[in-house]
Amino acid sequence: MVGADILSGLNEAQRRAVTSQARQVLVLAGPGSGKTRVLTYRIAYLIALQGVRPYQILAVTFTNKAAREMQTRVERLLQMERLPSEIWLGTFHATCARMLRREVKYLPLDQNFVIMDADDQLAIVRRAIKDLNISDKLYRPTTVHAAISHAKNNLLLPKEYPVRSYRDEVILRIYERYQQVLQDSNAVDFDDLLLWAYRLLLENPQVCENYQRRFAHILVDEFQDTNMAQYALLRLLNGRENSLFVVGDEDQSIYRWRGADYRNVLRFEEDYPAREKVLLEQNYRSTQTVLDAARRVIDRNPHRTAKHLSSARGESGERIILYEAVDDYAEAAYVVDTIERLLAAHRAKGSDFAVMYRTNAQSRLLEEAFLRAGLGYRLVGALRFYGRREVKDVIAFLRLAQNPADEISLARVINVPPRGIGDKTLVALQLAARQAGLAAGEVLLDLGRRGGESPFWKAFSGRSVIPLADFGALLAGWHESAAALPLPTLFDRILVDTVYHEYIDDESDEGKDRWENVQELRKMAYDFQERGLSAFLENLALVSDQDTMDRNPEQEVPTLLTLHAAKGLEFKQVFIIGLDEGLLPHNRSMDDPEEMAEERRLFYVGITRAKDNLYLVRASQRSSYGSFEPTEPSRFLEDIPENLLQPQGVLRSVLRRRSPSFFGGTQAYPSVSRREQAAPQAAPVIVRRFQPSMRVRHPSWGEGIVLESKVVDGEETVDVAFASVGFKRLIASLAGLEVL
DNA sequence: AGATGAGCGGTTTTT
DNA sequence: CCGCTCATCT
């Protein structure tokens, strides 16, 4: 039996949070302070010790991964095989979808409505822009979509959309058309899930009250990432009797550009003055050195509750290594060299390492360096399974089977594989449909079922109606069997009917790969055969690539990922590269203090991922758009005190701003860790490999001639004249020079 | 329908 | 500079 000892695994602050009886609880949890622990223990505590029924609990997260993790951890705590499904534990979006399906009678939607993902949303914007005869050069679909999404996140329906310029007026018209396309397609987009749920509760007080009464306890993860819609929804759900328990960290809010507003934390405090506030400052992840550096960086941000993270590990740990490479090639080489060296010395294993960067483009040079070294790696966020054409095609077929009104899916696959339905025919179909007040898919169904008997038959010129009727017949067959056939059977039938295998698999490696992706999707469909087509589609819409990626077996290799993707993860050895002005902080954030503050938080998130060692790396020149440009060290580096840093390599520009004693590196600071003394990073005796007039080859600059070689700061430094780029000064150990 | 070249944009991307 | 999208041609 699970007893009161459930609380013994918590520190004092955690226990105070978990057992709080306050109506509103705000837990500000520093990185590595047991945020998930508090949430899971709270749920377990409520169920096991407070007699709360799972039915009365709503717990929301931002990612499926977080939801899954919370679920399994609660199950383990309660020693349950499986948490009862009456508990609502899921992402904001999945929770809203669940609510909307239950209450669909209050909404202008059919029970089988579909959820449009980001790609679909863009396709709808394109379609709306086209329908309205607006220039997509002046009104870029991505920009317009961002405006619409932003409006929805702020709960603004078209009729409330603020128009302050002609441009706004045009965007409003696109927004209106966009919503019309969604409604005609019996669909909602991601943002609508929140927006509709909010309107549902706002406009139907009795529905709202039902949920308020039901959910005695509402728990929210990553509260700093909520947007206006989510916050408003939570406020509605928190009625007179029930409790709202939110956990977050303003300092880790890095999704402002997606509508997240960390000021919801401040708002929460204002809206609920009686809230209990708990700070979690005991850190179980990093060394004190890492935490001190992180704190110095983040303390410069305003509007936050300052936290004093202290390490529970009882050791200050090793210094943070600061390295300045001559250029971005050398930067990548340094990272790979260092990893190789630590692996060779058995001081770490592959999966201990993570290399983090601001932009995805930075992964390219890293990948090349890993490849050159013959070292495996795992790239996060690159492989977009659901972004693959073949996967999207098959999903579109399935969506049509479920909901033939889905205009976007229809437009996507009506001519896939090519069946002679061109643009003209499609426009004619859409026109005929609009005149009849039907969806294009419904006209197709009729053509398919009744053939020449259909009133639509004569609406098409010549033989163009034949492929339409043929496809309509297929669609009718799928639609009728969508509910009856087992999902895998339907899946296979669609593939057979469309001759899809032959279409995508041309026997090339790529073709085989594409077919494998379809097979992978089929496997997932198989897993869903109990729950059926609509559950499968819902899952596909609400599950991201990030989630599927974790299905792959963990390999013992370093991970390459953006700082955004790193949130929530931890690694023993962390490299953060590209610490240059313009990259981190990014150029685009320079003229807005709020954006700059977010860049700082991004760096903070990166730093606090490190358990044991942190390496901060920059390049003094960087190849951008072809030519090399000199760079300035990131302003964030200035905030890290020297006594936490261990300079390595040359560090020209970083050090120029610091005291002269810093040039001494190791010697200037006697309190270097044991490990550092035992294994000096630079070879003690420098043997020069190069001599003047030697012919050499650089991995990117090609052939050159050595002009001079000398030892500078314990590194062999070579001057080389390259045929391609002229004179360069290189660090021999990093440049990857090959003697010819 | 598929190939080819011009032209443009190049931050992050939980659902 | 490179890679992608889109328009235009065949």
Side-chain angles (χ1 to χ4, degrees), chain A residues 60-69 90-97 115-122 126 130 136-137 140-143 145-146 149 152-153 188-195 197 221-227 229-230 248 252-260 356-364 380-382 384 386-387 415-423 503 538-547 549 561-569 578 582-590 595 598-599 601-603 605-606 622-629 700 725:
Chain A
V60 281
T61 65
F62 274 84
T63 65
N64 294 294
K65 195 174 150 200
R68 245 190 342 258
E69 188 181 338
T91 64
F92 264 105
H93 290 83
T95 300
C96 290
I115 299 165
M116 298 286 183
D117 68 17
D119 285 345
D120 302 323
Q121 292 179 46
L122 212 53
R126 289 213 178 87
K130 209 169 172 182
D136 61 356
K137 291 277 182 294
R140 302 202 164 282
T142 47
T143 316
H145 173 244
S149 181
K152 289 185 174 187
N153 287 162
V188 298
D189 68 13
F190 279 146
D191 303 318
D192 281 341
L193 289 171
L194 307 171
L195 181 57
D221 189 18
E222 304 278 17
F223 182 69
Q224 77 284 350
D225 285 335
T226 51
N227 62 29
Q230 288 156 335
Q252 294 184 68
S253 171
I254 54 174
Y255 286 102
R256 191 182 112 91
W257 46 279
R258 301 265 320 229
M356 303 174 185
Y357 36 79
R358 177 66 239 265
T359 70
N360 278 311
Q362 289 171 267
S363 73
R364 212 194 82 229
V380 173
R384 289 184 35 81
Y386 295 109
N415 200 33
V416 173
R419 52 173 68 86
I421 303 175
D423 250 9
Y503 168 61
E538 179 132 331
N539 187 262
L540 288 176
L542 296 175
V543 161
S544 76
D545 289 294
Q546 295 265 320
D547 295 303
M549 218 171 29
L561 74 181
T562 63
L563 287 162
H564 283 91
K567 191 172 136 191
L569 306 177
L583 261 184
L584 186 64
H586 197 272
N587 267 330
R588 299 237 173 157
S589 308
M590 293 294 183
E595 303 238 309
E598 179 141 319
E599 296 289 309
R601 293 194 290 268
L602 201 46
F603 185 40
V605 165
R622 209 165 268 285
S623 49
S624 64
Y625 308 140
S627 63
F628 274 91
E629 301 283 344
S700 50
V725 288

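These numbers come from the heavy atoms of this one structure, side chains and all, not from hydrogens, waters or symmetry mates. Letters A, B, ... are given to chains in the order of the sequence lines, protein chains preceding strands, and every chain is numbered from 1. Here the structure is a predicted model, which is why all the values come from computation and not from measurement.
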A:Pro418 side chain, from C-beta outward: closest of B:dT13, B:dT15, B:dA1: B:dA1

Any A:Asn415 side-chain N or O less than 4.0 Å from OP1/OP2 of B:dA1: yes

Rounded distance in Å - CG (A:Asn360) to P (B:dT12): 5 Å

Nearest to side-chain heavy atoms of A:Arg126, which nucleotide of B:dT15, B:dT11, C:dC6: C:dC6

Side-chain N or O of A:Asn227 closer than 4.0 Å to phosphate OP1/OP2 of B:dT14: no

A:Leu194 CG to B:dT14 C1', straight-line distance once rounded to whole Å: 12 Å

hbond_proxy A:Arg588 side chain to B:dT11 base (donor-acceptor, 3.5 Å cutoff): no

Inter-nucleotide C1' distance (B:dT13, C:dC2), Å rounded: 22 Å

Between B:dT12 (P) and A:Ile254 (CD1): distance, integer Å: 13 Å

A:Trp257 vs A:Glu598, side-chain contact (heavy atoms from CB on, under 4.5 Å): CA-CA, chis, key distance, verdict: CA-CA 10 Å; A:Trp257 46 279; A:Glu598 179 141 319; 3.5 Å; yes

Per A:Phe62 side chain, nearest of listed nucleotides B:dT14, C:dC6, B:dT11: B:dT14

Check against salt bridge (Lys or Arg N to Asp or Glu O under 4.0 Å), A:Asp191 and A:Arg258: CA-CA 11 Å; A:Asp191 303 318; A:Arg258 301 265 320 229; over 6 Å; no

Closest-nucleotide ordering on DNA chain B, the 5'-leading residue of A:Glu598 and A:Asp191: A:Glu598

Exam field: side chain A:Ser149 to backbone A:His145, donor-acceptor pair closer than 3.5 Å: no

Spacing of A:Arg622 atom CZ relative to C:dC1 atom P, expressed in whole Å: 19 Å

Distance-minimising heavy-atom pair for A:Gly259 and A:Asn153: CA-OD1, 4.3 Å

B:dT12 and C:dT5, which share atom name P, separated by this distance in whole Å: 15 Å

Rounded distance in Å - CG (A:Leu563) to P (B:dT11): 16 Å

Residue-phosphate contact under 4.0 Å: A:Arg140 side-chain N/O, B:dC8 OP1/OP2: no

Residues which pass side-chain hydrogen bond (donor to acceptor under 3.5 Å, both in side chains) with A:Tyr255, listed by chain and number, not counting sequence neighbours: none

Under-4.0 Å side-chain N/O to phosphate OP1/OP2 contact, A:Asn587 with B:dT11: no

A:Trp257 aromatic ring stacked with six-membered ring of B:dT13, 5.5 Å and 30°: no

Phosphate contact (B:dT13 OP1 or OP2) by A:Thr562 side-chain N/O below 4.0 Å: yes

Closest approach of A:Gly578 to A:Gln362 (non-hydrogen atoms, all atoms of both residues): CA-NE2, 3.7 Å

Distance test, side-chain N/O of A:Asn64 to OP1/OP2 of B:dT14, below 4.0 Å: no

Euclidean distance, atom CD of residue A:Glu629 to atom P of B:dG10 [Å, nearest integer]: 18 Å

A:Leu569 CG to B:dT14 P, straight-line distance once rounded to whole Å: 12 Å

Listed nucleotide nearest any side-chain atom of A:Ala565, set C:dC6, B:dT11, B:dT13: B:dT13

Whole-Å distance separating the CG atom of A:Asp119 from the C1' atom of B:dT15: 13 Å

Face-to-face contact A:His586 to B:dT11 six-ring, under 5.5 Å, under 30°: yes

